[in-house]
Peer 1: 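Submitted below is the structure of interest, expressed as structure tokens.
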Amino acid sequence: MQIVWLKRDLRVHDHRPLTEACRAGGPVLIVYVIEPELWQNGDLSERHARFIEECLAEMQTEVRRLGGELYTACTGMVSLLEQLAEDGTPLTLYAHEEHGTPDTFARDMEVRRWMKERGFAVYEYPSFGVTRGLRDRKQFDEKWQEKMQAPLLPAPGAIPAPPASLPTVLTRQTTFPKQLALPGEAIRYGQQGGESLGLETLADFLENRFYQYRSHLSNPISSSTSCSRLSPYLAWGALSFRRAYQESLRRLAQLLNPADRRQLEAFISRLHWHCHFIQRLEDEPELSERNMNRAFDAIRTDWDEDAYSRWTEGRTGIPFIDAAMRSLHKTGWINFRSRAMLVSFICNTLLLDWQKPAQFLARQFLDYEPGIHYSQMQMQAGTTGFNTIRIYNPIKQGRDQDPDGRFIRRHVPELKEFSADFIHEPWKSPVFFHSQYCGAVVDVMEANRRAREVLWSVRDSEAGVKEAEQGLKKHASNTRRKEASAKKQKPAYEQLSLFDMDDGSTNK
């Protein structure tokens, strides 16, 4: 039996495990395994399950059209394999590599060990531009190009049917069991899953929406349409990453206007950085659970549950912070600037440890991709040691990115009657105490001053510099290492964020 194990690859096009299983001959079982242990770990949520269900439902229709069948099973993967092998049927497993947390990494190791002990074959293929077992970061760019330039695989012409007799744990239903209690809430106004919608979103972006991509990156309203909005489809594999890259290059070749080319080039560069950050977690999965630079272990040891709760609920009393958080609750998406600002506020302005906020945000982001998420959490919290420390002033950010307060009024109705003069600092209004809006949880300027002192003292300490050098050698891009070597300086500090050219962290 050929088993295609679906993970974050919920599509039929450019799907090598599916292609190889169909070529092998014999019955093909396509299965998505809903693993309760992983879904109770704190980073996955109701909105992720709903998006996956939508992807699976569409994929089921396409698989059936090609002659096959897609199943789900709510159990551990090894438990499913044990049941499939009970009658002595030899198994061959096909899957994409998953670049996730230590839990998914340990799960994959257990599956490979179980299969090897029984003499069963396992074939794992790269999902996109990340390389498993990369020994030296100097090889990253070359290997990334190799993967990105490989030909796209069409959907199989036909998918062999699975065996007639299968364990009862397998079901043709593409929904999650109701008894599996999931944290979080479904999105109220957000994107839906499915390969066709991923392809439609890509086509719409490349034809109509990229022209202001770079210009509108930081605007909380305009970015919702000028950004690609491909992230959830890429995160859950409803869209082939390689296809997004190759289609973008094809469109770029058609553009004659230099200004238009710059907009699309900015997007294409971020596809490269997407894999660069995921490679960090692939090389060191523990970075989802501990500081990259261990010198920072000595700070952020106190916890303020009230301040944390106000942040999660969008009740900090800082309008731009609260608007961003409430928008995230509703839609599952906010732009990079707002994400970075939320992390900076909780981890730097309030000096709270990043790990609990990281799990909370993972549950909110519909496009939760562990490699990007935890890498960016540590970048914005300053704990990599070799990235510049970004301490955002959300009042200044609000004035710069939402000068008239449209975004704030949309998501913080308590302030809808406040003028642009007071919308960013409502406590200065003579009518503030008659409003329903809460007071500020902190004096931003004073808290940011203290954060700068604390964070920079750790980063510039002997232990901080030593740890940063080690981190730079292991995780920084080849380009940054060359710059550091050429200048014979301290560790080079990457100024380029994943989706943002300007870090916007000045407190002026």
Side-chain angles (χ1 to χ4, degrees), residues 5-10 31-60 70-83 98 100-108 110-111 167-194 232 235-238 285 288-289 303 305-306 308-315 325-333 346 353-370 373-374 377:
W5 179 18
L6 301 176
K7 299 177 186 175
R8 287 175 172 260
D9 49 0
L10 307 179
V31 60
Y32 181 82
V33 184
I34 303 165
E35 302 163 277
E37 287 188 9
L38 294 181
W39 281 87
Q40 300 300 330
N41 279 347
D43 56 340
L44 300 174
S45 68
E46 180 80 19
R47 58 187 56 186
H48 300 142
R50 299 291 81 79
F51 191 86
I52 289 169
E53 287 178 345
E54 292 158 359
C55 292
L56 290 173
E58 181 177 307
M59 191 175 180
Q60 174 71 288
L70 185 153
Y71 289 83
T72 63
C74 188
T75 185
M77 185 59 185
V78 169
S79 175
L80 174 60
L81 293 172
E82 289 173 343
Q83 294 179 61
E98 183 171 1
T101 63
D103 296 311
T104 59
F105 186 76
R107 182 271 321 272
D108 287 351
E110 183 184 10
V111 168
T168 56
V169 70
L170 288 164
T171 174
R172 290 181 173 87
Q173 296 295 322
T174 55
T175 54
F176 280 53
K178 292 183 179 179
Q179 64 269 25
L180 183 64
L182 299 175
E185 59 180 352
I187 53 177
R188 282 172 271 169
Y189 314 97
Q191 292 173 275
Q192 294 179 311
W236 298 104
S288 65
E289 300 175 344
W303 185 256
E305 185 63 26
D306 178 66
Y308 171 73
S309 296
R310 290 182 62 174
W311 175 78
T312 63
E313 296 166 6
R315 297 187 302 105
M325 183 62 79
R326 296 185 195 186
S327 177
L328 178 59
H329 279 290
K330 291 179 183 178
T331 69
W333 184 90
I346 191 69
D353 183 68
W354 59 267
Q355 294 184 50
K356 191 172 179 179
Q359 283 211 328
F360 170 79
L361 289 175
R363 295 192 296 271
Q364 306 308 311
F365 293 145
L366 186 62
D367 55 10
Y368 167 53
E369 169 65 70
H373 182 67
Y374 290 104
M377 285 295 304

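The basis for the numbers below is simple: all heavy atoms, side chains too, and nothing from hydrogens, waters or symmetry mates.
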Peer 1: Once you measure the plane-to-plane angle for W236 and H48, does it fall in the parallel (<30°), tilted (30-60°) or perpendicular (>60°) bin?
Peer 2: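 Because their plane-to-plane angle lies in the 30° to 60° range, the rings of W236 and H48 count as tilted.
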Peer 1: Enter the distance from W5:CH2 to L81:CG here, rounded to the nearest 0.5 Å.
Peer 2: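 That separation rounds to 7.5 Å.
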Peer 1: Are side-chain heavy atoms of P370 and S288 found at a separation under 4.5 Å?
Peer 2: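 They are not in contact (no side-chain heavy atoms under 4.5 Å apart), so the answer is no.
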Peer 1: Do the non-hydrogen side-chain atoms of I187 and H329 ever get within less than 4.5 Å of each other?
Peer 2: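 I187 does not reach H329 side chain to side chain.
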Peer 1: Could you walk me through whether T331 and R188 pass the side-chain contact (heavy atoms from CB on, under 4.5 Å) check?
Peer 2: CA-CA 6 Å; T331 69; R188 282 172 271 169; over 6 Å; no
Peer 1: Measure the spacing between CD of Q359 and CD of E289 and express it to the nearest 0.5 Å.
Peer 2: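 If I round to the nearest 0.5 Å, the distance is 9.0 Å.
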Peer 1: Within the side chain of E54, is there an N or O that forms a donor-acceptor pair under 3.5 Å with the backbone of G193?
Peer 2: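 A pair under 3.5 Å: yes.
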Peer 1: Would you call D108-K7 a salt bridge at under 4.0 Å N-O?
Peer 2: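 Counted as a salt bridge, because a side-chain N and a carboxylate O are separated by less than 4.0 Å.
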Peer 1: Pick one: which of V78, T101, L38 meets side chain to side chain contact (heavy atoms under 4.5 Å, CB included) with R107?
Peer 2: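 Testing each of V78, T101, L38 against R107, the sole residue satisfying side chain to side chain contact (heavy atoms under 4.5 Å, CB included) is L38.
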Peer 1: With the side chain counted from C-beta on, respond yes when Q83 and V169 share a heavy-atom pair under 4.5 Å apart, and no when they do not.
Peer 2: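 Heavy-atom side-chain distance check passes, below 4.5 Å.
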Peer 1: Please find the pair of heavy atoms, one from L70 and one from Q60, that lie closest to each other, and give the distance.
Peer 2: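 Heavy atoms of L70 and Q60 come nearest at O-NE2, 2.8 Å.
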Peer 1: If you round to the nearest 0.5 Å, how far is OG of S45 from CZ of F360?
Peer 2: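 The CZ atom of F360 sits 10.0 Å away from the OG atom of S45.
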Peer 1: Test your reading of the model: is there a side-chain donor-acceptor pair from Q40 to the backbone of L180, 3.5 Å cut-off?
Peer 2: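 Judged by distance alone, no pair lies under 3.5 Å.
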Peer 1: Looking only at heavy atoms, which two atoms of C55 and A238 are closest? And how far apart?
Peer 2: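 Smallest heavy-atom distance, with atoms named: SG-CB, 3.9 Å.
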Peer 1: So, taking the atom named CD1 in I34 and the one named CG in L80, what distance separates them when rounded to the nearest 0.5 Å?
Peer 2: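 Here the interatomic distance stands at 11.5 Å.
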Peer 1: Report yes if the side chains of E53 and T174 come closer than 4.5 Å at any heavy-atom pair, otherwise no.
Peer 2: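 Contact flag for E53/T174 side chains = no.
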Peer 1: Any chance you could measure Q364, atom CD, to K330, atom NZ, to the nearest 0.5 Å?
Peer 2: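 Between atom CD of Q364 and atom NZ of K330 there are 13.5 Å.
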Peer 1: So L44 and L182, do their side chains get closer than 4.5 Å, heavy atoms only?
Peer 2: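 A side-chain contact under 4.5 Å is absent here.
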Peer 1: Quick check: closest heavy atoms across M59 and L10, and the distance to 0.1 Å?
Peer 2: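 Heavy-atom minimum between the residues: SD-C, 3.7 Å.
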Peer 1: Ignoring hydrogens, what is the shortest heavy-atom contact between P285 and G100? Give both atom names and the distance.
Peer 2: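 Minimum heavy-atom separation between P285 and G100: CB-O, 4.4 Å.
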Peer 1: Does the ring of Y189 carry R47 above it, NZ/CZ under 6.0 angstrom from centre and within 45° of its axis?
Peer 2: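 Cation-pi check for R47 and Y189: fails.
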Peer 1: State plainly whether the residues R326 and E313 are in salt-bridge range, i.e. N to O under 4.0 Å.
Peer 2: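 Here R326 does not pair with E313 in a salt bridge, since their nearest N and O are not under 4.0 Å apart.
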Peer 1: With the threshold set at 4.0 Å, does a side-chain nitrogen-carboxylate oxygen contact exist between E305 and K356?
Peer 2: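 Between K356 and E305 there is a salt bridge, with a charged N closer than 4.0 Å to a carboxylate O.
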Peer 1: To check you understand the geometry: which heavy-atom pair defines the closest contact between P232 and Q191, and what is its length?
Peer 2: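 Looking at all heavy atoms of both residues, the closest pair is CG-OE1, 3.5 Å.
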Peer 1: Given side-chain contact (heavy atoms from CB on, under 4.5 Å), test Y71 with Y32 step by step and report yes or no.
Peer 2: CA-CA 6 Å; Y71 289 83; Y32 181 82; over 6 Å; no
Peer 1: What are the two closest non-hydrogen atoms of W303 and D353, and how far apart are they?
Peer 2: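 Taking W303 first and D353 second, the nearest heavy atoms are CZ3-O, 3.8 Å.
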Peer 1: Between R363 and G42, is there a donor-acceptor pair closer than 3.5 Å when you use the side chain of the first and the backbone of the second?
Peer 2: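 Side chain of R363 to backbone of G42, a donor-acceptor pair under 3.5 Å: yes, one is there.
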Peer 1: In terms of ring plane angle, is the pair F365 and H373 parallel, tilted or perpendicular, where the classes change at 30° and 60°?
Peer 2: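 Ring orientation, 0 to 90° scale: perpendicular.
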Peer 1: With a 4.5 Å heavy-atom cut-off, do L366 and W333 have their side chains touching?
Peer 2: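 With C-beta onward as the side chain, the pair stays apart.
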Peer 1: Distance from W311 atom CH2 to L361 atom CG, nearest 0.5 Å?
Peer 2: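 Reported to 0.5 Å precision, the distance equals 4.0 Å.
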Peer 1: Are the ring centres of W39 and F176 closer than 6.0 Å?
Peer 2: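 Between W39 and F176, the centre distance is under 6.0 Å.
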